[in-house]
Q: 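Pasting in a structure now, in structure tokens, and then I'll have a few things to ask.
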Amino acid sequence: MQAKINFNAGPAALPPEVLHEAAKAVNKYKKTGFSILELSHRGPEFAEILEESKHLVKKLCKLDDSYEVLWLHGGGRQQFFMVPMNFLPQEGAAGYIESGHWAEEARQYAAFYGDAQTLASSKKSNYTRLPDWPAKIPAKLAYVHITTNNTIYGTQLGQIPEVKPPLIADMSSDIFSRQHDYSKYALFYAAAQKNLGIAGVALAVVRKDMLKRIVREMPPMLSYAAQVKEESNLNTANVFGIYVSLLMLRWIDARGIPAIEKENKLKAKLVYDAIDSSKVFVPYVTEKADRSMMNVCFTAKTPEAEKRLLTLCEEHDIAGIKGHRLAGGFRVSLYNAISTEWVEQLVTLIKSIT
Ligand SMILES: *Cc1c(COP(=O)(O)O)cnc(C)c1O
């Protein structure tokens with residue numbers, strides 16, 4: 001049976017090689033004689049997995065030892081509240097650039113801990129464009145939080161301006177998708193299930209000096225400092241989830257981020273060109289500079305055209321193109337694991353509807 005083509009936004013498709021390796025490990029992990037699902041989080045095999053994964057993250061991000069790499073529980077949303085819990089003083093303020101639903105939710109979570117200010121927002125435009133970058137960002141903010149890719153409406157930040165306060169980024173849906181200067185961040189994080197593995201694990205990379213800025217007492221599970229001290233193994237780590245992320249990191253490293261970026265640009269161009277030249281489909285994001293390479297969102301002008309594309313996709317074993325429940329229409333997610341061949345097959349269907 002032919003595998004279904006999967007354009008889901010997350011959990012998203014994984015490369016066949018990664019799935020194959022993961023399945024092998026579920027069966028039997030290396031010389032242990034048993035499954036990776038049964039592997040101790042305190043044993044030497046998992047220590048190796050952790051070590052190599054941390055090394056690869058730093059290598060791919062071109063970061064030195066002034067950064068710590070963490071694998072944490074709780075997905076993207078746990079970072080929404082871990083960040084302010086650690087760094088936003090009760091009497092202090094942090095700034096949020098609201099470029100989408102996730103960015104807005106991150107600010108709402110931060111408001112439990114201190115003053116979480118909206119520095120700029122494109123909510124009035126339904127997040128279908130990027131907000132104008134604020135003219136002035138107060139230097140005294142505890143941090144500035146950005147979301148590099150808006151997964152739901154399909155915008156993506158390009159060049160990220162310098163800011164005085166520590167810069168923190170949610171990169172859940174575009175980490176390792178393009179060449180990027182990661183050294184501008186005091187902290188960045190990504191839920192793994194989009195570009196980096198499976199649900200249940202999040203990557204967080206924190207600059208060491210930030211650990212001295214932690215503003216309150218909290219249970220160690222939620223403290224970046226405690227997690228660094230225990231090397232992401234404070235409680236039972238998500239052994240299998242971290243292993244799948246390691247397989248993804250190896251896969252990304254083998255291809256190289258410049259090559260991945262090139263292919264991602266091509267895939268996105270194929271879909272945008274098809275939508276832009278279509279008489280029946282309309283892109284959400286009309287400002288080309290604001291468009292996401294990862295999530296292409298569009299609607300149909302008529303219910304007939306919408307139904308036609310859904311039916312055609314079903315007939316061709318293509319899944320996952322329905323838009324987010326907040327946005328409606330269509331969303332095609334083009335993460336690293338998505339091949340150009342898959343995209344070409346979808347584009348043929350889009351072009352066939354006139
Ligand atoms: C998916 C997503 C999240 C939420 O991740 P969960 O692991 O479901 O909490 C957060 N931020 C961005 C940008 C996302 O795309």
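When a ligand or atom number is given, it counts from 1 through the structure's own listing order. Predicted, not measured: the structure shown is a model, and the values here were computed from it.
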Q: Before accepting this row, confirm whether a basic side-chain N of the pair Asp64/Lys208 lies closer than 4.0 Å to the acidic partner's carboxylate O.
A: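 Salt bridge absent between Asp64 and Lys208.
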Q: Name the residue from Asn6, Asn295, Thr151 that meets the side-chain hydrogen bond (donor to acceptor under 3.5 Å, both in side chains) definition with Ser333.
A: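 That would be Asn295; it is the only one of Asn6, Asn295, Thr151 passing the side-chain hydrogen bond (donor to acceptor under 3.5 Å, both in side chains) with Ser333.
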Q: Hey, which of Phe46, Phe34, Tyr243 is the one that makes ring pair (Phe, Tyr, Trp, His ring centres under 6.0 Å) with Tyr29?
A: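 That would be Tyr243.
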Q: List ligand 1's nitrogen or oxygen atoms that come under 3.5 Å of a protein nitrogen or oxygen, with the partner atom and distance.
A:
from: ligand 1; atom 1: 7 (O); to: Gly76; atom 2: N; distance (Å): 2.9
from: ligand 1; atom 1: 7 (O); to: Gln193; atom 2: NE2; distance (Å): 3.0
from: ligand 1; atom 1: 8 (O); to: Arg77; atom 2: NH1; distance (Å): 2.9
from: ligand 1; atom 1: 9 (O); to: Gly76; atom 2: N; distance (Å): 3.3
from: ligand 1; atom 1: 9 (O); to: Arg77; atom 2: N; distance (Å): 2.9
from: ligand 1; atom 1: 9 (O); to: Arg77; atom 2: NH1; distance (Å): 2.9
from: ligand 1; atom 1: 11 (N); to: Asp170; atom 2: OD2; distance (Å): 2.6
from: ligand 1; atom 1: 15 (O); to: Thr151; atom 2: OG1; distance (Å): 2.5
from: ligand 1; atom 1: 15 (O); to: Lys194; atom 2: NZ; distance (Å): 2.7

Q: Is the distance from the ring center of His145 to that of Phe87 below 6.0 Å?
A: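 Distance test on ring centres: not under 6.0 Å, no.
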Q: Less than 4.0 angstrom from a charged side-chain N to a carboxylate O is my criterion; do Lys30 and Glu45 meet it?
A: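 Salt bridge flag = no for Glu45 with Lys30.
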Q: Under a 4.5 Å side-chain heavy-atom rule over Ile, Leu, Val, Met, Phe, Trp and Tyr, are Leu14 and Trp71 clustered together?
A: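 Yes: a chain of side-chain contacts under 4.5 Å links Leu14 to Trp71.
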